[in-house]
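Down below is the structure, laid out as C-alpha cells.
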Amino acid sequence: MTGLIFILKNDDRVHFTGEEVPPSTFSMTNVEEWDRFRNIDMDKEYRRVYICNECAYMVNMIHAFENSLDKRKGRVDADKLAVLNGWHRVDCRTREALRRSSVSELIEGYEECIRTFITKSSDGDVLELQIQDPFRRLLLHGVCEFYNLASDTVTDMNGGVESSKMTKIKKKKRGSPQLPNITLCHFLKMSKEGSW
C-alpha cells in the first residue's frame, strides 16, 4: 500500500496515488523566500530580539513613570526622571549585568566613590582605580555611564608584560554631571522588588 493516501471528505474516502497528491505548502512557496528563511543567522536574531526587549523594558518604565505623573496631576518628579535618564545612558549589556549582579555592596561602594568624586573634584581631576577583575570593571563602567562620566581602562605594561589595569574616570567636557537624589543601588533594588 505504498504511495496511496486516503483523505476523508464528508465521510467519503478519496483515493490518491503518489502522483496525484496535492502539493505541500512548502513546495508551493517561492524558493528564494524559503532560502532566506532557512539562512537566518540566529545570533543576529537573538541580538535583535534582545535589543527589542531592552527597548520595550525602557518604554514600559517610561510609560509607568508618565502614568504616575498623570496620577499626580502633572507634578514632575525630577528625581525619577534623572534616574531614568541615567539608566538610559548605560549600555544594554552593562544594564543586564547590573540588574543580575549579586554584589550590590560592590556597586554601592563604586557609587559612593563616584558620587564623592563628582562633588569634591574640579573639572580637570581624574579618579584612578586599579581593578583587575573584568566583570567588576564592567560594573564600574556602568556606574560611570549612569553618572555621565567618561571612563577608560588602560593596561600598564612593565617590561613588555601586562602588569595591571587602571580605570581612569573624569568628568565630561560638556558641563558637570548632576547627582540624582535616588542612587543607582536604590533604583536597582526597587526595580528588582517590582516597586519602581
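Heavy-atom basis, side chains included; hydrogens, waters and symmetry copies ignored. This is a predicted model, so every value here is computed, not measured.
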Checklist entry - Which atom names give the shortest non-hydrogen contact between Val90 and Gly142, and what distance separates them? => result CG2-O, 3.6 Å

Next on the checklist: Just verifying a value: how many Å separate Leu179 CG and Glu111 CD, rounded to the nearest 0.5 Å?
Outcome noted: 9.5 Å

Checklist entry - What is the distance from atom NZ of Lys172 to atom SG of Cys144, rounded to the nearest 0.5 Å? => result 10.0 Å

Checklist outcome for this item: Partner of Ile169 under side chain to side chain contact (heavy atoms under 4.5 Å, CB included), picked from Val126, Leu129, Val143, is Leu129

Checklist entry - In a check of side-chain hydrogen bond (donor to acceptor under 3.5 Å, both in side chains) between Lys165 and each of Asp156, Thr155, Asp133, which one passes? => result Thr155

Item to check | Point-to-point distance, once rounded to the nearest 0.5 Å, from OG1 of Thr183 to OH of Tyr147 | outcome: 5.5 Å

Next on the checklist: Do His141 and Thr167 pair up side chain to side chain, a donor and an acceptor below 3.5 Å, judged on atom types alone?
Outcome noted: no

Checklist entry - Are Ser104 and Lys189 close enough, and set up right, to give a side-chain contact (heavy atoms from CB on, under 4.5 Å), and what steps lead you there? => result CA-CA 9 Å; Ser104 59; Lys189 209 176 291 178; 5.9 Å; no

Checklist entry - What are the two closest non-hydrogen atoms of Ser121 and Lys171, and how far apart are they? => result O-NZ, 3.0 Å

Next on the checklist: Could you go through Glu112 and Arg115, starting from their C-alpha distance and side-chain angles, then the distance that decides it, and tell me whether this counts as salt bridge (Lys or Arg N to Asp or Glu O under 4.0 Å)?
Outcome noted: CA-CA 5 Å; Glu112 188 177 308; Arg115 288 175 73 92; over 6 Å; no

Checklist entry - Going only through I, L, V, M, F, W and Y residues with side-chain contacts under 4.5 Å, is there a path from Val154 to Leu140? => result no

Checklist entry - Quick one: does Arg137's side chain have a donor or acceptor within less than 3.5 Å of a partner on Gln132's backbone? => result yes

Checklist entry - So which heavy atom on Ile182 is nearest to which on His186, and how close? => result CG2-CD2, 3.6 Å

Checklist entry - CG/Asp91 to CD/Glu145 distance, rounded to the nearest 0.5 angstrom? => result 6.0 Å

Item to check | Leu188 to Leu98 - nearest heavy-atom pair and separation | outcome: CD1-O, 4.0 Å

Next on the checklist: Return the NE2 to CG distance between His88 and Leu81, rounded to the nearest 0.5 Å.
Outcome noted: 11.5 Å

Checklist outcome for this item: Looking only at heavy atoms, the pair that brings Arg136 and Ile131 closest together is CB-CG2, 3.8 Å

Next on the checklist: Is there a path of hydrophobic side-chain contacts, each under 4.5 Å between heavy atoms, that joins Ile114 and Met166?
Outcome noted: no

Item to check | Minimum heavy-atom distance between Phe117 and Leu149, given as atom pair plus value | outcome: CD2-CD1, 4.5 Å

Next on the checklist: I need the Phe146 CZ to Cys185 SG distance, nearest 0.5 Å.
Outcome noted: 9.5 Å

